[in-house]
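Before I ask anything, here is the structure I am working with.
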Amino acid sequence: MPRIGVFVCQCGNNIAATVDTKKVASDMGKLLGVVYTCDYKFMCSSPGQEMLKQAIKENNLDGVIVSACSPHMHEKTFRKASEAAGLNPYQCEITNIREQCSWVHHDKTRAVGTLKSNDLTRMTIERLKRNKPLQKIKIPVKKRALVIGGGIAGIQAALDIAEGGREVILVEKEPSIGGNMARLSETFPTMDCSQCILTPKMVEVELNENIKLYTYSEIEKVDGYIGNFTVQIRRKSKYVDEERCTGCGECIEKCPFKVESQFELGLAKRKVIYTPFPQSVPNVPVIDAPNCTKIQKDKCGVCAVVCGPKCIDFKMEDKVVTEEVGAIVVATGYTLMPNERFGAYGYGKIKDVISGMQFERLASSSGPTGGEIRRPSDGKVPESVVFIQCVGSRDEKCGVSYCSKICCMYTAKHTMLYSHKVHGGQSYVFYMDIRSGGKRYEEFVRRAIEHDNAMYLRGRVSRVYEKDGKVIVQGADTLSGSQVEIEADMVVLATAIVSREGADTVAQKLGIGYDKYKFYNEYHPKLKPVETVTAGIYLAGTCMGPMDIPESVAQGSAAAAKVMALFSADEMAREPITALVNKVTCNACWDCLTACPYSAIEREAVKNRQGEVVRWLAKVNDGLCQGCGVCVAACRSKSIDLKGYTDEQVFAAINAF
């Protein structure tokens, strides 16, 4: 005979105002197997927990039900208290009579709320009678981390984990780490030189003994689960031996062929063998194979001739390396919406219509013009520049519905850079709203307007066209109620921030969720902002959505903290609420494998003594299973049960209603 205790919480007046908690406790005491009942003002308080522990010991209870708030709030609290009293924590169940009764039934007589609370508690009692003591799942943890993406968020995460004494593998698809921040001239609101604050961190990554750096590499495949991931990484051929290369740059200097530079966004050309920018880490050149005449036509080969260490190998091939890690941090960053989508603003037709990132390269001292603001068409210094905000942002018809968050700030920064470099020049800004939420951000925008004489015009631009060497911008100023026409020398578009190309493919390999814009989904936007639904995989930076540098750095450190918490013990304890397959009745239809959103179902071969496969079964990987129960619903043969929520328990609860 079970010995169950029922504890009904008043939750101050949250529950007691519409539920007669004394009556609920009294009614439950009449049920078979219930040997102790009580109601108390705050069960979650220290006195309430002590009362629970004492009742378990004095009445020799083998099951506990707390009728209180949502299990998401205090299930762990009460299970911990039960465990401290010697009871298996999974013999403690929570009945939600606050959100499901009190808060939805505003009845001053308390009749409805009390009746429903009785029903819910009685159902939980019947389910608890069929509970089995469960034990937490122990999973060994490999104390190595993988960071995908070498932008500022990925760099911060890698450095924090490495400084914690754990080995990190940092994978970056480009030839150098640094990400989009490496392209910036200065950063708001402090106007620090971007390279001055980024380069030391890049060098620190290269020199840190705990960081293994794979640049020009991509994730090929991810298997396993939290604490035990197996990752295949494709290391694309650089045609340069990294171990022997000294980074002297002789090969780059002698290469006779040039192509458009992706790093400079089409504003300059680079050699076919190249490093993306002077401060690249690692300082090892890469051969652009599709444009190399030696690789494509077996001609030239000058770079190999002049290379002193003889580290150039034109026959080098991609190779796939396998690494075993315990946690993964995804920091794949962002890109800008393709400018070609904005033909209405003259992009692609008018050379002097450029993107905000292209303006950054013009303003950068390491950029194609050496930091001088010059028009791409003829190299002249522009005497007037129009900045157009929200190009593609907050506009579902032409772009995306969301705000790109940093455009208002970097446009203000651009007007300052222009004012400082072109004395006497005039900048105009067409905006919808100024969104400057951040520490010292509003003051920064005011400084651009009041001290650097940027003229802000609230309105949209209707037309951009070229006339007599000028770029004519027609728009509206809604504050004055007038139409505006400006003869500009250059137009800068603040284009929308979007997810990286191939972000969805990476998400599918990792088994994490993403939204319709292909930004990755966090587990909970407020309570678990850097975790994903796949345990052991964490997020950092703009792969989740638009954010500025301080936010990206903070999230990199937050993700690293989560990884270090995971690595703090040799084994990780997980909740035992997982699916269980009945091997006798499973008919290997694989509906469960298709339905499982966490890839936790595997195929298991049953072999005879001769080693021949005689049968296939579904097997649940407890390390991956999140206990969602989707496979239980999908199974045609009813061969899968969820521990703690078996069919027997669910039917018993229903019958008690």
Side-chain angles (χ1 to χ4, degrees), residues 76 136-149 153-154 156-162 164-171 210-212 214 219-233 322-332 503 505-514 520-525 527-541 543-544 555-579 596-602 619-628 630-631:
K76 288 185 178 180
K136 286 191 174 183
I137 301 165
K138 301 288 186 179
I139 300 173
V141 176
K142 290 186 177 69
K143 298 182 180 182
R144 302 173 78 222
L146 169 69
V147 177
I148 306 173
Q156 187 66 40
L159 286 173
D160 284 356
I161 297 168
R166 302 302 178 191
E167 188 179 346
V168 184
I169 298 145
L170 178 56
V171 177
N210 285 333
I211 298 177
K212 185 186 290 186
Y214 290 148
I219 301 301
E220 192 80 3
K221 186 180 179 183
V222 179
D223 290 315
Y225 51 92
I226 181 172
N228 298 271
F229 293 105
T230 301
V231 184
Q232 292 182 3
I233 303 165
T322 301
E323 298 283 359
E324 293 186 345
V325 297
I328 299 172
V329 177
V330 186
T332 49
T505 304
V506 174
Q508 288 159 13
K509 289 176 182 177
L510 294 168
I512 60 177
Y514 55 93
Y520 301 146
N521 290 334
E522 59 275 81
Y523 189 98
H524 190 286
L527 303 179
K528 295 184 178 181
V530 297
E531 298 175 55
T532 67
V533 292
T534 302
I537 299 181
Y538 307 96
L539 304 174
C543 63
M544 285 187 281
Q555 288 205 336
S557 289
K562 288 290 182 182
V563 171
M564 293 306 294
L566 174 62
F567 290 173
S568 62
D570 294 331
E571 289 185 325
M572 184 195 67
R574 291 205 62 199
E575 291 293 308
I577 311 296
T578 57
C596 180
Y598 303 102
S599 304
I601 308 286
E602 302 169 354
K619 181 184 177 183
V620 177
N621 185 327
D622 285 340
L624 285 173
C625 181
Q626 301 292 311
C628 68
V630 171
C631 58

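If you're wondering where the values come from, they're calculated on a predicted model, not measured in any experiment.
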For residues Tyr598 and Val630, determine if any side-chain heavy atom of one lies less than 4.5 Å from a side-chain heavy atom of the other.
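Side chain of Tyr598 against side chain of Val630, heavy atoms only: no contact under 4.5 Å found.
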If you look at every heavy atom in Ile226 and Ala535, which pair is closest and at what distance?
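The answer is CB-O, 3.4 Å.
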Give the minimum heavy-atom separation between Ile211 and Ala158, together with the two atoms involved.
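Taking every non-hydrogen atom into account, CD1-O, 3.9 Å.
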Please find the pair of heavy atoms, one from Arg574 and one from Ile139, that lie closest to each other, and give the distance.
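Scanning both residues completely, I find the closest heavy atoms to be CD-CD1, 3.3 Å.
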Could you walk me through whether Ile537 and Val330 pass the side-chain contact (heavy atoms from CB on, under 4.5 Å) test, one step at a time?
CA-CA 7 Å; Ile537 299 181; Val330 186; 3.8 Å; yes
Please name all residues satisfying side chain to side chain donor-acceptor pair (under 3.5 Å) with Tyr225, sequence neighbours left out, ordered by chain then number.
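Residues passing side chain to side chain donor-acceptor pair (under 3.5 Å) with Tyr225: none at all.
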Whether the side chain of Glu602 engages the backbone of Lys619 through a donor-acceptor N/O pair (distance < 3.5 Å, no angle test) should be reported.
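Flag not set: sc Glu602 to bb Lys619 has no pair under 3.5 Å.
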Give, for atom CD1 of Ile137 and atom CE of Met572, the distance between the pair rounded to the nearest 0.5 Å.
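With rounding to 0.5 Å, CD1 (Ile137) is 8.5 Å from CE (Met572).
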Do Tyr520 and Thr332 touch side chain to side chain, with heavy atoms closer than 4.5 Å?
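Yes - at least one pair of side-chain heavy atoms lies under 4.5 Å apart.
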Are the side chains of Ile148 and Ile328 in touch, meaning some heavy atoms are under 4.5 Å apart?
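Of all side-chain heavy-atom pairs linking Ile328 with Ile148, at least one is under 4.5 Å.
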Rounded to the nearest 0.5 Å, what's the gap from CD on Glu522 to CD1 on Ile512? Could you check?
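Those atoms lie 11.0 Å apart.
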Shortest non-hydrogen separation from Asn210 to Arg166 and the atoms involved
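It is CB-O, 3.6 Å.
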Which atom of Tyr538 lies closest to which atom of Ala559, heavy atoms considered:
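That would be CB-CB, 4.1 Å.
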Heavy atoms, side chains only, cut-off 4.5 Å: are Tyr523 and Val533 in contact?
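Tyr523 reaches Val533 side chain to side chain.
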Give the intermediate values and the outcome of salt bridge (charged side-chain N to carboxylate O under 4.0 Å, His left out) for residues Glu167 and Arg144.
CA-CA 5 Å; Glu167 188 179 346; Arg144 302 173 78 222; 3.0 Å; yes
So Val231 and Ile219, do their side chains get closer than 4.5 Å, heavy atoms only?
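A side-chain contact under 4.5 Å exists here.
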Does Lys143 reach the side chain of Leu566, with side-chain heavy atoms less than 4.5 Å apart?
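No, side chains not in contact.
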Roughly how far, to the nearest 0.5 Å, is CD1 of Ile577 from SG of Cys628?
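Those atoms lie 13.0 Å apart.
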Gap separating the NZ atom of Lys136 from the CD atom of Glu571, nearest 0.5 angstrom
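Reported value, rounded in 0.5 Å steps: 13.0 Å.
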If you measure from CG on Leu539 to CD on Glu531, what distance do you get to the nearest 0.5 Å?
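The CG atom of Leu539 sits 9.5 Å away from the CD atom of Glu531.
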Rounded to the nearest 0.5 Å, how far does CG of Leu624 lie from OG1 of Thr578?
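Between atom OG1 of Thr578 and atom CG of Leu624 there are 11.5 Å.
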With sequence neighbours excluded, residues passing side chain to side chain donor-acceptor pair (under 3.5 Å) with Tyr214
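Tyr214: side chain to side chain donor-acceptor pair (under 3.5 Å) contacts with Glu323.
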With the side chain counted from C-beta on, respond yes when Val620 and Ile601 share a heavy-atom pair under 4.5 Å apart, and no when they do not.
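In contact.
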Does Glu324 have any side chain to side chain donor-acceptor pair (under 3.5 Å) partners at least two apart in sequence or in another chain, and if so, which?
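Checked Glu324 against side chain to side chain donor-acceptor pair (under 3.5 Å); zero matches.
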So, for Asp622 and Ala579, which heavy atoms are closest and what is the spacing to 0.1 Å?
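Scanning both residues, the minimum pair turns out to be OD1-O, 4.3 Å.
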Considering only heavy atoms from C-beta outward, does the side chain of Lys142 approach that of Phe229 to under 4.5 Å?
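A side-chain contact is absent here, since even the closest heavy-atom pair is not under 4.5 Å.
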